[in-house]
2 protein chains.
Amino acid sequence: MTVDGRLARGDRTRSAALDAAVVLATEVGLDGLSLARLAGILGVSKSGLFAHWRSKEALQLATVDRAVEQWQERIVEPGLRAPAGVRRLWALHQARIDFYAARVLPGGCFFASTDFEYNARPGPVRDRLAEVFGRWTAFLERLVRETVDAGELPAGTDVPLLAYEIDALGIAAAMRSRLMDPDAAYRHARQSLLDRLRALCPDPTLLPEGLS
Amino acid sequence: MTVDGRLARGDRTRSAALDAAVVLATEVGLDGLSLARLAGILGVSKSGLFAHWRSKEALQLATVDRAVEQWQERIVEPGLRAPAGVRRLWALHQARIDFYAARVLPGGCFFASTDFEYNARPGPVRDRLAEVFGRWTAFLERLVRETVDAGELPAGTDVPLLAYEIDALGIAAAMRSRLMDPDAAYRHARQSLLDRLRALCPDPTLLPEGLS
DNA sequence: GAAAACTATACGACCGGTCGTGCTTATTTA
DNA sequence: TAAATAAGCACGACCGGTCGTATAGTTTTC
């Protein structure tokens with residue numbers, strides 16, 4: 001975190017500041033993120049933050065990138081450890097819900113919150129978010145397509161549509177888990193995709209039997 | 001609206017102010033909603049707004065209520081005009097997507113934006129949003145249950161789960177329609193529910209043939 | 001003319017951002 | 001090796017601006 005009360009040189013402490021920024025931004029929004037408050041949390045002066053990121057916007061962009069890294073570590077990589085195909089799709093969805101359930105971020109999901117926040121605000125931050133979101137959906141579609149090509153899903157499957165459905169279930173889980181019963185939200189998000197995949201997948205042994 | 005002329009004039013201003021507040025809040029968030037900016041848009045003084053709602057929080061709550069009225073008019077009522085059952089579920093979903101597609105609100109969906117915004121902020125505004133959201137999901141579940149009871153969906157249907165899926169498709173459509181290709185988002189949201197309902201509904205004549 | 005609706009003005013708090021200063025550290029110099 | 005110097009970093013103080021809010025005064029309406 002800080003060294004001798006200073007923000008300190010080196011990428012390590014810098015990324016610690018970004019970790020805190022991700023948490024704070026998920027809570028109060030990327031725009032509501034106050035440099036003064038972030039500095040207070042880190043035990044560092046506001047000017048110190050300005051020394052590293054010359055503007056608030058630069059800090060916001062860096063925060064988005066850090067959130068992408070976390071998403072990569074906690075969701076994409078665990079998903080990719082599963083064998084390709086429906087099991088990988090399922091593992092990815094599972095990892096995403098597990099990440100929400102772990103309550104690493106107080107507001108649920110960094111990207112869901114900020115994407116909605118910047119829906120109608122043109123600018124560099126929105127562009128970055130849109131790019132990240134585009135990469136995410138492209139990734140999802142690629143996984144679905146690979147699954148179809150591997151014969152684990154019917155050949156006529158509408159790939160973008162299924163990718164859309166998978167993402168929609170995740171988004172809804174992030175929202176409902178904070179506003180209503182979290183366990184029900186996670187259970188529904190899981191069960192819904194499981195039903196969908198089981199209905200499509202010709203090989204029933206590739207997916208778990210059922211959920212409690 | 002009262003019979004009294006003086007109050008009538010006040011109510012008009014009041015209602016127009018809330019309409020503008022809904023638009024503005026969808027754009028910049030319920031928290032980012034500034035009294036000064038709202039006053040500027042309406043061509044009135046900031047103190048005038050403050051005279052009507054004695055605090056910003058009161059204005060925020062009134063804005064939420066106004067957004068609920070709009071939702072009722074534009075989505076719930078059109079949905080209820082369809083005959084009960086799967087056709088009503090479909091009409092409701094359709095009306096929701098049409099509302100998004102009409103771009104009445106610049107940021108997509110008032111409730112999706114604000115719900116995420118207040119995910120991690122306890123207080124009266126969050127409580128109101130949670131209550132509204134609870135009523136909405138209860139309404140959805142009631143429609144689904146009625147459909148099951150009417151025999152248009154299988155008796156064993158998981159009612160909360162299907163309601164969750166319907167709402168998830170709408171939420172995702174609201175988000176994607178701003179960050180990515182809107183038409184694709186709407187098409188996916190429609191097609192997905194159509195597929196789902198057709199797979200469940202034993203009577204194929206109750207739903208449209210297909211979508212372009 | 002009284003009451004209601006509206007406005008002008010001001011206040012303190014906080015915002016993002018800048019600036020000059022002192023401290024820490026690394027490099028140079030003798 | 002020790003002193004001197006140069007450079008980089010973090011700090012407190014401060015700037016103009018905007019926020020929500022309060023109060024006093026003005027216009028409108030009956």
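Computation of the quantities below employed the complete heavy-atom set of this structure, encompassing side-chain atoms and omitting hydrogens, waters and symmetry-equivalent molecules. In what follows, every chain begins at residue 1, and chains take the letters A, B, ... in the order their sequences are listed.
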Can you give the donor-acceptor pairs under 3.5 Å from side chains of residues 41-50 of chain B to other protein atoms, not counting sequence neighbours?
| residue | atom | partner | partner atom | Å |
| --- | --- | --- | --- | --- |
| B:Ser45 | OG | B:Gly48 | N | 3.1 |

Restricting both atoms to N or O, compile the protein contacts to nucleotides 14-20 of chain C shorter than 3.5 Å, with distance only.
| residue | atom | partner | partner atom | Å |
| --- | --- | --- | --- | --- |
| C:dC15 | OP1 | A:Ser34 | OG | 3.1 |
| C:dG16 | OP1 | A:Leu33 | O | 3.1 |
| C:dG16 | OP1 | A:Lys56 | NZ | 2.9 |
| C:dG16 | OP2 | A:Leu35 | N | 3.2 |
| C:dG16 | N7 | A:Lys46 | NZ | 3.1 |
| C:dG17 | OP2 | A:Lys56 | N | 2.6 |
| C:dG17 | O6 | A:Lys46 | NZ | 2.7 |

Parallel, tilted or perpendicular: ring planes of A:Trp71 versus A:Trp136, cut at 30 and 60 degrees: perpendicular
Salt bridge present between A:Arg176 and B:Asp115 (N-O < 4.0 angstrom): no
Any A:His52 side-chain nitrogen or oxygen under 4.0 Å from OP1 or OP2 of D:dC9: no
Short side-chain donor-acceptor distance under 3.5 Å, A:Tyr100 and A:Arg96: yes
Between B:Thr147 and B:Glu152, a side-chain donor and acceptor under 3.5 Å: no
